[in-house]
Protein chains: 2
Amino acid sequence: MDHASTTPLRPEVLAAMLPFLGEEFGNPSSLHYFGRRPHEALEQARASVASLINAKAEEVFFTSGATEANNWAIKGVAAAARHRPAHVITSAIEHYSVLHAVKTLQRQGARVTFLPVDRYGLVSPRSVAEAIDDDTALITLTHASNEIGTIEPVAEVAEIARAHKVPLHIDATQTIGNVPTDVAALGVDLATLAGHQFYGPKGTGALFVRKGTRLLPLLEGGLQESGRRAGTENVAGIVGLGRAAELAAAEVQQRAERLSVLRDRLREGLEARIPDLAFTGHPTQRLPGHVSLCIHYVEGESVLLMLDAKGIAAASGSSCTSRALKSSHVLEALGLEPGLANGSAMFSLGDGNTAEDVDYLLEVMPPIVERLRAMSPLRPGGN
Amino acid sequence: MDHASTTPLRPEVLAAMLPFLGEEFGNPSSLHYFGRRPHEALEQARASVASLINAKAEEVFFTSGATEANNWAIKGVAAAARHRPAHVITSAIEHYSVLHAVKTLQRQGARVTFLPVDRYGLVSPRSVAEAIDDDTALITLTHASNEIGTIEPVAEVAEIARAHKVPLHIDATQTIGNVPTDVAALGVDLATLAGHQFYGPKGTGALFVRKGTRLLPLLEGGLQESGRRAGTENVAGIVGLGRAAELAAAEVQQRAERLSVLRDRLREGLEARIPDLAFTGHPTQRLPGHVSLCIHYVEGESVLLMLDAKGIAAASGSSCTSRALKSSHVLEALGLEPGLANGSAMFSLGDGNTAEDVDYLLEVMPPIVERLRAMSPLRPGGN
């Protein structure tokens, strides 16, 4: 129940990759025999990814994952901006790969506006409009937070961005492949996706760059990816990403519907069985399969360790920083009462989860929370 | 015979990767059950790569390949430098991923010295010493050029760099795994390697960073790779890289010796059978298995197409730019007579090649060159 962290590789995806981990090992840039099939396979994968998000193939650039795509989009647009130092607009609940890239621009002299969010984690499109000025070079916004699941009003923000001719990048790592995501309908200029978030391989991702968007490269060198992202391509990985995109295109609607039902079953079940829970993020405008909450009077980590012992994998925050055990800027941005964020827990359901899994969690979790609360000095009247 | 472009994946490497493309799909950063084995496997791979190059495990940082590692080393050291704008020393025969990264620093205000090479492609250590000044923040030098095969006098350059307290980065993409390479003995501070150059997976690489070397991250975000290179790890790829490193550690000495013999057989055979060849790079101080030459009065591309039709894969330049068909800055730096670089051809032998392969090339190549020369308006007395 930690699919926001990563998803298993689909057997169909592995099957598509295997030839390129064997006989078809050639370098797609080679003009001889060995380069031909890998080159064709890359372009087929590009078409598949483009089709999943309703982009043109030539607007899809492969990367080593979402972190690279986010860093590239932010640093690349800023580097290409006519205004130096530029102004960048983002939100207070971005993933670390956006937050830290933006902070680096800030150290280099850019002005950055960190838009606040409401108690559900929603950015207000009006606040975007108010933040834009003549120097604004980029708006970068999460499509949906991996920590609180809220899906942001990207289409409304895009309309404002377009009216002001400011490029809009979305970090769609959690949404693409899991929620029907149409970059044309949304009207965004750049979008980040990650293969391992929708049953594709780790180490793969892509940046959608709308034709005409000014963007300098981050990884420079050879002429791969139309000269915009250098480096010998991870052919097997990209082929896997393409296959995962094909599967997602066929299944995403159904996937989202099924997981939304499981999500609501989980949330309602927890609410009914455990007192003093504070669910985070938006109640309905949220990722399918995603339940996030803060549990009063306990440490989220302790709950997770006890769930792990029962065979349930869940998370307490972004897995990217789990080993640091520091408090989350995302939960802080929601304005929770002090200490509550320590009790953070996230369940993110995926294709492998069933109603039985949800019911098992609903069975084992209440006694765990009860036991931890009984031991907690934080509980009302506790020692 | 184009192993400088890429190498096939060893079956042992694929076997090591497969569990991580299946059951062990977890995110190494996850604290629950699914994260444990991937996390351990990453650290084992790190130890294997470190062992191959005689580094400490904590000095090895995984990347998506050599291009990322080169960009990171160059931009990361420059960004951390106390002197702004900094001075960077490099050579005239670097790979595009070094050349373009350095040129970006130059556009941003850095001073760059491009050291010339002699007719064999060798950088003079004395020229490095002469180029160093108080602002020098980095020396970045190829260990061996993929185009001309010359192995540079890195240890001598490192001694100079150390005496001046300037960090030295080497692009060891062609050497590590193919030539015994000991970063401690060489005395370098940073070194780039690529998995797919020694029978490991594409999309994997590493940057060796000696402890104490000041370097800012290029890909920012989560706390992976000790907080120095963010992004969910390409676990299967890294495990494959580690396995390839183990195999290379055991085999590299023998590999280099065997390929040197084949290389000399190929070079001597060509020399004996085809008049008017100009071999490029150093005659002996060069990559095992690597023969590079310019063929008077013909286009290298034409030779390659005809060899391809005979089932022989070779290259005319760096595969990273092969689709652009532009002339090579590396060959230009050697001071070849005008037009000769057009006849460039590279053969890079690898584990799969035998003496029979070499003899087959020696059989088919002379009539190809003869035929092309007969048609060429460039030949002496040609029309």
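As a basis for the values below, the full set of heavy atoms in this structure was taken, side chains included, without hydrogen atoms, waters or symmetry mates. Chain letters run A, B, ... following the sequence lines, proteins first, then strands; residues in each count from 1.
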B/H3 side, atom NE2; B/Q197 side, atom CD - distance, nearest 0.5 Å: 10.5 Å
Heavy-atom proximity to chain B below 4.5 Å, by part of A/D308: side chain
Heavy-atom proximity to chain B below 4.5 Å, by part of A/A236: neither
Note: vs chain B, highest number of non-hydrogen pairs under 4.5 angstrom among A/T104, A/V13, A/L304 is A/T104
How far does CD of A/E147 sit from NE2 of A/H95, to the nearest 0.5 angstrom? 8.0 Å
Which bit of A/F34 comes within less than 4.5 Å of chain B, counting heavy atoms only: side chain, backbone, both or neither? side chain
Under 4.5 Å from any heavy atom of chain A, what part of B/T204 do you find: side chain, backbone, both or neither? neither
Among B/I312, B/N70, B/N71, who wins on heavy-atom pairs under 4.5 Å with chain A? B/N71
Are B/E94 and B/K103 close enough for a salt bridge, meaning some N to O gap below 4.0 Å? no
Do other residues, nucleotides or ligands put more than 12 heavy atoms under 6.0 Å from the CD atom of A/Q106? yes
Is it true that B/R228 and B/E58 have a side-chain N and a carboxylate O under 4.0 angstrom from each other? no
Would you say that A/D2 contacts B/N27 through its side chain, given a criterion of any heavy-atom pair below 4.5 Å between the two side chains? no
Counting heavy-atom pairs under 4.5 angstrom with chain B, the leader among A/L307, A/I238, A/L18, A/L21 is A/L21
Turns out that what part of B/A313 lies under 4.5 Å from chain A's heavy atoms comes down to both
Only pairs of heavy atoms separated by less than 4.5 Å count here; which of B/P11, B/G240, B/G26, B/G205 has the most with chain A? B/G26
Charged N-O contact under 4.0 Å between A/R37 and A/E40: no
Charged N to carboxylate O below 4.0 Å: is that the case for A/R229 and A/E68? yes
Proximity breakdown for A/E233 and chain B, heavy-atom pairs closer than 4.5 Å: backbone
Using heavy-atom distances under 4.5 Å, tell me whether A/P8 contacts chain B through its side chain, its backbone, both, or neither. both
Measuring heavy-atom distances to chain B, does A/A314 have an atom under 4.5 Å in its side chain, in its backbone, in both, or in neither? backbone
Please flag which part of A/T7 lies under 4.5 Å from any non-hydrogen atom of chain B: side chain, backbone, both or neither. backbone
Who among A/A66, A/G203, A/S97 has the most heavy-atom pairs with chain B under 4.5 Å? A/S97
Here the gap from A/T6 atom OG1 to A/F198 atom CZ, rounded to the nearest 0.5 Å, amounts to 11.5 Å
CH2 (A/W72) and OG1 (A/T67) are apart, to the nearest 0.5 Å, by 14.5 Å
Most heavy-atom pairs under 4.5 angstrom with chain B, which of A/L99, A/L218, A/L216? A/L218
